[in-house]
Protein chains: 2
Amino acid sequence: MKLKAYGKENSYPCAESLVVVDTPQAQGYSLEQVKNKVILGDALKVLKKLPSEAVDMVFIDPPYFLQLPNKTLRRWKVKSLVEAVQDDWDKFSSFVEYDTFMTQILSEARRVMKPNATIWVIATYHSIFRIGKIMQDLGYWILNDVIWVKTNPMPNWLGVRFTNATETLIWAVKDKKVKKYTFNREAAKEYGIGKIGANVWVLPICTGAERLKDGRGKRLHSTQKPVELLRRVLLTSTKEGDIVLDPVAGVGTTGYVARCLKRNFIMIEINPRYVEGIKKRFRDISLGNVPE
Amino acid sequence: MKLKAYGKENSYPCAESLVVVDTPQAQGYSLEQVKNKVILGDALKVLKKLPSEAVDMVFIDPPYFLQLPNKTLRRWKVKSLVEAVQDDWDKFSSFVEYDTFMTQILSEARRVMKPNATIWVIATYHSIFRIGKIMQDLGYWILNDVIWVKTNPMPNWLGVRFTNATETLIWAVKDKKVKKYTFNREAAKEYGIGKIGANVWVLPICTGAERLKDGRGKRLHSTQKPVELLRRVLLTSTKEGDIVLDPVAGVGTTGYVARCLKRNFIMIEINPRYVEGIKKRFRDISLGNVPE
DNA sequence: CAAAGTCCTGAATCATATG
DNA sequence: ACATATGATTCAGGACTTT
């Protein structure tokens, strides 16, 4: 994460005016109403209220539907437990339900994209294949799969499968015919392995001070994405002044990095605790505390 | 490729008795009839004639569905399987064809697998997402996606997208309940990056002397897989004496490496020119010419 | 203060046996 | 099918503690 502070001399709202609370009464939002805002509300409901062909890029970090067992995994020697992802937002009753959810989100996102916009979706093997298939069926044209190789993944203790050290990002345009989308070739060459602009990014997961904590010092979000990942996404596929949409914002890494890189953002998040985390991050920007 | 020669003192057939020609009259094959044979015939037709729960591992390198007009799947003549319906939208109809073809292949492969067998499927982003989704819907339980990072990928750098330097392998068992499948953790640690047996393999594409040529010196097969890739697949997920099935054998890298590593194989290939290439490779083994 | 050692944890579909 | 009891296992990296 090599973000520079851009000071306060800009037109972004302060943390306190950051949030727009969605209501059933709100029929629709103009671009100006939601630009550089976090909309507190349901992803799909809010997406449907956004104007068509409005944004330059979409980043989606959806629930992965990990299907983890309810039983806890206890470390030997160490008394701690493995805190697996058990959030309600990752619970689906079946693949059908998951597919329906993702189809709706991806369909609305496609409507909101400008004709030459691009979209990124990240997931692991648990769901990335379903997502990619749905995207192709909706008409999206896949440009790349980009492999995020984690330098510090959770190892596979019992030695029954390969250590899952990767996540996959799908990068696509709305349609096969789209040609003039934004791609920063110099940034791509810088990040990919081997100086050939390869589709492989090697970087660590989000830990340490970057990881937001709740009041008790526990992680605020179980799957916070690293700043560096979003930095690469934004610098390779957007320009300054572009509008970036993240309908499943979580603790808002997308908008946070977009703000630091002079991009505009629209974020949607339904969990007020996560939105509080976003506000804290934006307060930090105002105070000049940005990642170096 | 660090394969050792195992000499001629074994029970594998010589190259000349390697091939079994499938015929419409053949109702079904016993394991002994096809063990360590190449069956010249249609993948799906032959698969249906194989006994159930017969093999320990399946490796499938299917056609890649590059979505090139008029080129997709010609070799497979899948149209006859799905009949009409597809005079609507070109892309969608070709998706239907591909999905139908892969569903049938993967369904029959699942029947032929022993209860604790595993399956590998390799593809690029053009088709891997559809394949993974189909596998999950058929009941397969994905163990890993393994990323093959090519050190010398096709230099397709036009500056409009990332250089596609990867292929993805899906490794799965028949069902979520399967536990006692073969996994060689030490081999996994040796091959994966880092010391954690990660799901990332870095190795070059098949070039040089390893690449089979036709009579005019042109490459015999457009997507011949490297020996080293199959070596890793076989050493991580099979034991000596196991039976490995490859229903889309191409120039037979799977069986060739299996033979060198004392595994048994069953290969299916419809193209006689490819089968001739396989015979040549097995003649080379008899002559002691194996990859070092 | 620096260096060395300890602790903690991370999107994890991670086992087997018995009731 | 589910619940419970028991047993065996991992590495990178940052935070924290001790020397």
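In what follows, every chain begins at residue 1, and chains take the letters A, B, ... in the order their sequences are listed.
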Out of C:dA12, D:dA1, C:dA11, which has the shortest distance to the side chain of A:I205? C:dA11
I'd like to know if A:R75 reaches the base of C:dG10 with its side chain, counting only an N/O donor and acceptor under 3.5 Å. yes
Given atom CG of A:N164 and atom C1' of C:dT13, what is their separation to the nearest angstrom? 10 Å
Out of D:dA1, C:dA11, D:dG13, which nucleotide sits closest to the side chain of B:K177? D:dA1
Evaluate whether the aromatic ring of A:W157 and the six-membered ring of the C:dC14 base sit under 5.5 Å apart, centre to centre, with an inclination under 30°. no
Paired with A:W120, the side-chain contact (heavy atoms from CB on, under 4.5 Å) test is passed by just one of A:I170, A:V146, A:V244, namely A:V146
Residues A:L220 and A:Y274: closest non-hydrogen pair is O-CE2, 3.3 Å
Separation of C:dA11 P from A:D87 CG (nearest whole Å): 11 Å
Using whole Å, what does the distance between atom P of nucleotide C:dA11 and atom CG of A:L169 come to? 14 Å
When rounded to whole Å, the OH to C1' distance for the pair B:Y181 and C:dA15 reads 10 Å
Whole-Å P distance, D:dT10 and C:dT16: 16 Å
Pick one for C:dT6: is it syn, with its angle within 90° of 0, or anti? anti
Counting only side-chain heavy atoms from C-beta out, which of D:dA8, C:dA12, C:dT13 sits nearest to A:V82? C:dA12
Write down the distance between CZ (A:R219) and P (D:dG14), rounded to a whole number of angstrom. 18 Å
